[in-house]
Each structure stands twice: as structure tokens, then as C-alpha cells.
Amino acid sequence: MARPTPLSGFPEWLPDGRVVEQHVLEALRRTFELHGFAGIETRAVEPLDQLLRKGETSKEVYVLRRLQAEEGEDASEKQLGLHFDLTVPFARYVLENAGRLAFPFKRYQIQKVWRGERPQEGRFREFVQADIDVVGAGELPYHYEVELPLVMAEALGSLRAIGVPEVRILVNNRKVAEGFYRGLGLDDVEGVLRQVDKLDKIGPDAVAELLVAEQGATPEQAKACLELAAISGTDASVVEQVRALAASYDAVTDLLETGLGELRALVEAAARRAPGVVVADLKIARGLDYYTGSVYETVLVGHEQLGSICSGGRYDTLASDGKNTYPGVGLSIGVSRLVSRLLSAGLVTATRGVPTAVLVAVTDEETREASDAVAAALRARGVPADVAPTAAKFGKQIKYADRRGIPFVWFPGEQDQVKDIRSGDQVDADATTWEPPAADLWPRVVPAGE
RNA sequence: GUGGCUAUAGCUCAGUCGGUAGAGCGCCUGGUUGUGGUCCAGGAGGUCGCCGGUUCAAGCCCGGUUAGCCACCCCA
């Protein structure tokens with residue numbers, strides 16, 4: 001078979017990259033569980049009509065079909081698509097299991113998702129998301145909108161030790177934006193948000209033009225939108241700035257006041273519990289139209305161009321079965337986006353790509369069993385050990401270990417010896433008692449350069 | 001979905017005016033008694049993405065196609 005070419009947008013890591021990814025996944029899972037989130041996994045597919053409820057995303061959904069599907073089979077059976085996020089499957093799961101779940105229900109979910117996008121750096125067609133959501137039955141207290149981003153701050157903060165840069169969680173509140181725009185007399189809130197969202201890419205002048213041309217705003221309304229978008233800060237003073245701005249345009253509404261109250265609570269709590277991490281930023285819009293309260297977007301400091309690595313928000317109707325509605329709030333980390341940057345920018349590295357801590361050399365094939373016995377004795381005590389593939393010259397066997405990052409080579413004999421191939425130190429050793437230093441026992445993930 | 005760029009050794013790339021293919025790194029072997037990395041010597045490895053056209057002659061020019069990268073869109 002000819003050598004296959006890589007498929008763009010379907011990332012695969014080499015073993016040492018996988019070590020990094022798994023460390024990240026483990027760290028996230030641990031933080032989520034420390035905060036009481038229960039883990040679930042949902043199937044990879046959902047009925048197509050469920051997936052399409054979000055509207056615009058339809059083009060991105062991969063549909064599933066049997067290769068030999070009969071003509072007309074698709075019509076009689078329910079069409080299936082691969083899920084493109086974890087929120088839609090979760091909503092379906094909540095409805096399906098509502099009678100067996102206890103609300104408010106806190107869950108985390110770490111799975112692959114698929115999107116038919118044009119790939120780019122940090123943008124994939126198959127990638128891993130790590131979601132946390134809290135969903136209530138009928139109602140959901142506001143304080144969860146404060147707590148969830150702080151859980152994510154803690155989860156991402158736990159990765160600082162391996163070299164992950166600082167994060168900044170930018171927050172806004174849909175009620176603030178909507179209340180402000182409506183107060184100005186702009187009723188196409190979605191449209192305005194979409195234009196304002198381009199601020200970082202095309203600049204304020206171009207956004208102002210778009211607001212006038214596309215949204216039918218007056219130049220003064222456009223100016224007000226830009227002034228709102230320019231407000232940001234880490235304390236409650238942003239609330240006063242917004243209120244003053246709205247007053248100056250006579251655009252104060254009840255909705256705006258409600259949103260400002262919520263934003264203030266979030267910023268104040270965050271300032272106490274995770275100082276400097278959460279920043280109120282009134283230009284954060286989020287394209288998704290189902291958010292109804294707080295919205296969140298997270299950037300890696302120094303890697304802002306990568307885009308958001310963790311986003312989410314509050315939605316009043318995560319799910320609804322007609323009789324009951326289930327409001328929720330959640331965030332999702334783009335694990336693949338994060339890990340791909342950690343690896344490509346050389347921020348984080350694994351000490352080795354194989355688990356093996358000790359390579360047991362083979363003197364000759366007649367005594368391979370003795371080498372196997374050494375490896376077995378090491379493994380029995382929890383030391384990952386491998387046996388050399390051939391009884392090649394010891395130089396080659398050492399090289400075999402070196403190329404894989406295996407730190408120790410064991411030489412069986414009258415008196416067994418073990419060599420630390422980094423230092424060259426070689427000492428007598430006994431397979432029933434010898435242990436490598438704790439730091440060498442398993443591969444570790446460390447900041448690059450250490 | 002729209003637009004731009006690219007495609008040569010395992011990797012990163014060079015290849016002039018169109019004249020049958022190069023470097024560095026990596027890999028293999030050797031430098032005597034079974035201990036790697038440095039150094040030295042030697043070696044293997046290419047359908048120049050694919051299909052067609054122009055030409056005496058194409059890696060190079062032209063058309064198509066596929067794939068990759070980047071930007072837009074959107075988003076993790």
C-alpha cells in the first residue's frame with residue numbers, strides 16, 4: 001500500500017504528544033471531580049433533526065450512512081449525524097434520563113466531536129472537548145454562572161505546572177448587550193453582536209461601517225455600540241461605566257440593569273476567588289444565539305491569536321420536553337486546540353514517549369529467559385520494564401533505549417548491573433529490590449526546556 | 001462555502017537560462033577484545049503529488065486534478 005497522506009483536520013499525536021494530552025485530560029478530570037461533576041459519555045451519533053436545531057451549524061454536521069444503504073432506506077430510518085459538540089447530546093441525555101437524574105445535575109463529559117470545517121492551525125474536523133455543565137429542572141440559581149468559569153480557571157490553572165501559559169477568561173452578559181442595544185433602538189441584537197464580534201479582526205472603523213450598512217444603525221448608534229465594546233476591566237467599575245454610557249444615550253432598560261447586576265456579581269466573586277483571571281469584556285459576543293445570560297471566552301495569554309480555548313455560557317432552555325424546561329450553564333475546553341498549541345509552540349514536553357523505565361539487555365538468545373525474569377521481577381514491583389528485541393551488541397541495545405528516552409539499561413550477569421544512560425553511571429543491582437528514582441518511574445510532562 | 005499560496009529523499013529544504021537529482025539532519029555499516037551519545041570513513045534511500053499538453057528535451061513552461069498550508073466565514 002502506498003504511503004497514506006495525512007488527513008488535514010484529524011490530528012494524531014506521536015507517543016510523546018499523547019503523553020502530554022493524557023496528562024491534560026487527567027488533570028481536567030480530576031478538577032471536575034473535585035468539584036462534584038459526574039462523568040458521563042454519550043454516543044457519537046444523534047438523530048440529524050436533533051443536531052440541526054442549532055440552525056447554521058447544519059453544514060458542519062457529518063452524516064452517517066451505511067455504505068450499502070438501500071435506496072430509500074434513509075427516508076424510512078432516522079438519519080444520524082456525528083455530534084459537533086457535547087451540549088446537544090447532553091440536552092438529549094437530560095431529557096431521556098430526567099426521571100433518573102437529580103437536579104441540579106452537574107456533569108462533565110470529555111469526548112471527541114466532529115465538524116466539517118476547513119481546517120487550520122488550532123481548527124480541526126475531529127477534536128476533543130472537555131465540557132462541564134450544570135443543568136436545573138425548571139430553574140437554575142445564578143450563582144452557577146459564577147462558579148462554572150471559576151472551576152475552569154482552576155482546571156486550566158492546574159496545568160500551569162507543566163508549562164501551560166496563564167489564561168484569561170473574558171466574560172460578558174447577553175442581557176447587558178441586548179438591553180443596551182434595544183435601549184438604543186437596535187432590535188436585531190444577533191446581527192449587531194455578530195458585527196461587534198469582528199472588532200479584533202477588522203477594527204472599530206470597519207465594524208462601525210458594517211453596523212451602518214448591514215444593521216441599519218445610525219452613525220450615532222454605531223458609535224454607542226463601539227463605546228460599549230471598548231469597556232473592559234476586572235472589577236465592578238465596568239458596571240458603572242456601562243451604566244453611565246447607557247444613561248448618556250438614554251438607553252437604560254430593565255434588561256440592562258438585570259444583566260449589570262449579574263455581571264457585577266460574577267466579577268466581584270471572581271476578583272476574590274481567582275484574582276486577575278476573569279475579565280469583564282463588553283465586546284465578547286459569542287455567535288451562538290442560544291445563550292441568554294453570562295457568556296465566556298478564554299484565551300491563553302501570549303497566544304490570543306489561537307482563539308478561544310474554552311467557551312460557554314448560560315442558556316435558559318438547554319433542553320425542553322414541552323412541559324419542563326431545563327436551564328443550564330456550561331463551558332467547554334477545546335482540548336485538541338490547547339494540546340496542539342502546547343506541542344507546536346514547544347511549551348510542554350514529555351520526558352519520554354514510552355512508559356518503559358528500564359530496558360533489560362539480552363546477552364544472547366540462549367539467556368533471553370534470564371532477561372525476561374529480570375523484567376518480570378521489575379514489573380511485579382511496578383517498574384515498567386521492556387526486554388531488548390535482539391541480542392545485538394550492547395552498544396546497539398543502549399542506543400535502542402536512548403532513542404526511546406528509556407533512562408536505564410539493565411545488564412544481567414553473574415552480578416546484575418544497571419546503567420543510567422544519561423549520566424553513564426553503572427552500579428550493581430538486584431531486580432527484587434532496585435528502584436529507579438521516582439521522577440524516572442513513569443513518563444512525566446514538564447515545561448519544555450526542563 | 002469564498003480567496004491566496006504550496007507540492008522534490010524519512011524530515012527541513014535547494015535545484016540557475018528547460019538539458020536524465022542535490023544538501024543538512026536522520027537511518028545503516030565500519031573504526032578488533034559485547035557499553036550508546038562526539039569524531040572519522042563508507043553506504044542505502046527519489047514514479048520530482050497525480051493526469052494530460054507544449055518541446056528534440058520538462059522537477060522547471062501550460063491546462064486539469066488531488067492534497068496540504070494560510071486568510072475569510074464560523075468556532076474549541
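By convention in this document, chain letters (A, B, ...) are assigned in the order of the sequence lines, proteins followed by strands, and residues within each chain are numbered from 1. Note: hydrogens, waters and symmetry copies are ignored here, and every other heavy atom, side chains too, is used.
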- prompt: How long is the line joining CG of A/Leu86 and P of B/A76, in whole Å?
  reply: 11 Å
- request: Could you measure between the two C1' atoms, the one in B/A9 and the one in B/A14, and give it in whole Å?
  value: 13 Å
task: Taking atom CD of A/Glu365 as the centre, report whether more than 12 heavy atoms of other residues, nucleotides or ligands fall under 6.0 Å from it.
output: yes
- prompt: If you check the A/Leu7 side chain, which of B/G68, B/C69, B/C70 turns out closest?
  reply: B/G68
task: Specify the separation, in whole Å, of atom CD of A/Gln109 and atom C1' of B/A76.
output: 15 Å
query: Roughly, in whole Å, what's the span from CZ in A/Arg168 to C1' in B/A76?
result: 20 Å
query: Between B/A76, B/C72, B/C27, which nucleotide has the shortest distance from any of its atoms to the side chain of A/Gln120?
result: B/C72
P spacing across the pair B/C60 / B/G15, given as an integer number of angstrom: 14 Å
message: For A/Asp420 and A/Gly334, find the nucleotide of RNA chain B closest to each by heavy atoms; which residue's nucleotide sits nearer the 5' end?
response: A/Asp420
- prompt: Using 4.0 Å as the upper bound for N to carboxylate O, is an ion pair formed by A/Arg352 and A/Asp16?
  reply: no
message: Any N or O donor-acceptor pair under 3.5 Å from the base of B/A76 to the side chain of A/Glu117?
response: yes
field: A/Gln305 atom CD: more than 12 heavy-atom contacts under 6.0 Å
entry: no
message: Looking at B/G37, which nucleotide sits across from it as a Watson-Crick or G-U wobble partner, both distances under 3.5 angstrom, or is there none?
response: none
field: Distance between P atoms of B/G30 and B/G36 (Å, rounded)
entry: 13 Å
- prompt: If we take the P atom in both B/A44 and B/C28, what is their distance in whole Å?
  reply: 16 Å
field: Rounded distance in Å - OH (A/Tyr108) to C1' (B/A76)
entry: 19 Å
Electrostatic pair A/Arg30-A/Glu33, nearest N-O below 4.0 angstrom: no
- line: Pairing partner of B/C69, by Watson-Crick or G-U wobble and under 3.5 Å for both distances, is B/G4
query: Are A/Lys112 and A/Glu126 within salt-bridge range, i.e. N to O under 4.0 Å?
result: yes
Pair A/Arg368 + A/Glu366, salt bridge at N-O below 4.0 Å: no
- prompt: Closest to the A/Ile309 side chain: B/A76, B/U35, B/G36?
  reply: B/A76
query: If you draw a 6.0 Å radius around CZ in A/Arg43, do more than 12 non-hydrogen atoms from other residues or ligands fall strictly inside?
result: yes
field: Nearest listed nucleotide, side chain of A/Glu60, among B/C70, B/A76, B/C74
entry: B/C74
query: What does A/Gly395 touch in the nucleic acid at a heavy-atom separation under 4.0 angstrom: a base, only the sugar-phosphate, or nothing?
result: sugar-phosphate
- line: A/Glu304 CD to B/A76 P, in whole Å, measures 18 Å
message: What's A/Gln426 touching, base or sugar-phosphate or nothing? Going by heavy atoms closer than 4.0 Å.
response: base
- prompt: Salt bridge check: are A/Lys396 and A/Asp402 linked by an N-O gap of less than 4.0 Å?
  reply: no
query: Which nucleotide in the list B/G68, B/A76, B/G36 gets nearest to the side chain of A/Phe124?
result: B/A76
statement: Re B/G18: Watson-Crick or G-U wobble partner, both distances kept under 3.5 Å, found to be none
statement: For B/G52, the nucleotide meeting Watson-Crick or G-U wobble distances (both under 3.5 Å) is B/C62
query: For B/U47, which nucleotide is its Watson-Crick or G-U wobble mate, given both distances must be under 3.5 Å?
result: none
- request: Could you give the distance separating B/A21 and B/G37 at their P atoms, to the nearest angstrom?
  value: 35 Å
message: So A/Arg341, base contact, sugar-phosphate only, or nothing? Heavy-atom distance under 4.0 Å.
response: nothing
task: Using atom NZ of A/Lys112 as one end and atom P of B/A76 as the other, report the distance to the nearest whole Å.
output: 19 Å
message: For a quick check of understanding: with a heavy-atom distance under 4.0 Å over all strands, which category does A/Lys396 fall into, base, sugar-phosphate or nothing?
response: sugar-phosphate
message: Under 4.0 Å, counting only non-hydrogen atoms across every strand here, what does A/Ala391 touch: a base, just sugar-phosphate, or nothing?
response: base
- request: Write down the distance separating the C1' atoms in B/U20 and B/C56, rounded off to the nearest Å.
  value: 14 Å
task: Could you measure between the two P atoms, the one in B/U12 and the one in B/C75, and give it in whole Å?
output: 33 Å
- prompt: When you compare B/G19 with B/C69, how far apart are their C1' atoms, in angstrom units rounded to a whole number?
  reply: 33 Å
field: Given B/A76, B/G31, B/C72, the nucleotide with the shortest approach to the side chain of A/Lys393
entry: B/G31
- request: Look at the side chain of A/Gln397 against the base of B/U35 and say whether a donor-acceptor pair falls under 3.5 Å; ignore hydrogens and angles.
  value: no
- request: Identify whether a stacking contact exists between A/Phe394 and B/G36, where the ring centres must be under 5.5 Å apart and the planes under 30° apart.
  value: no
task: Provide, to the nearest angstrom, the distance between the NZ atom belonging to A/Lys399 and the C1' atom belonging to B/G30.
output: 12 Å
- prompt: Rounded to the nearest Å, what distance is computed from the OH atom of residue A/Tyr291 to the C1' atom of nucleotide B/A76?
  reply: 10 Å
message: Any donor-acceptor pair, under 3.5 Å, between the side chain of A/Arg118 and the base of B/C70, if you only look at N and O atoms?
response: no
field: Nearest-neighbour nucleotide for the A/Gln129 side chain, B/U29, B/A76, B/C27 considered
entry: B/A76
statement: Of the candidates B/G68, B/G36, B/C70, the side chain of A/Ser8 sits closest to B/G68
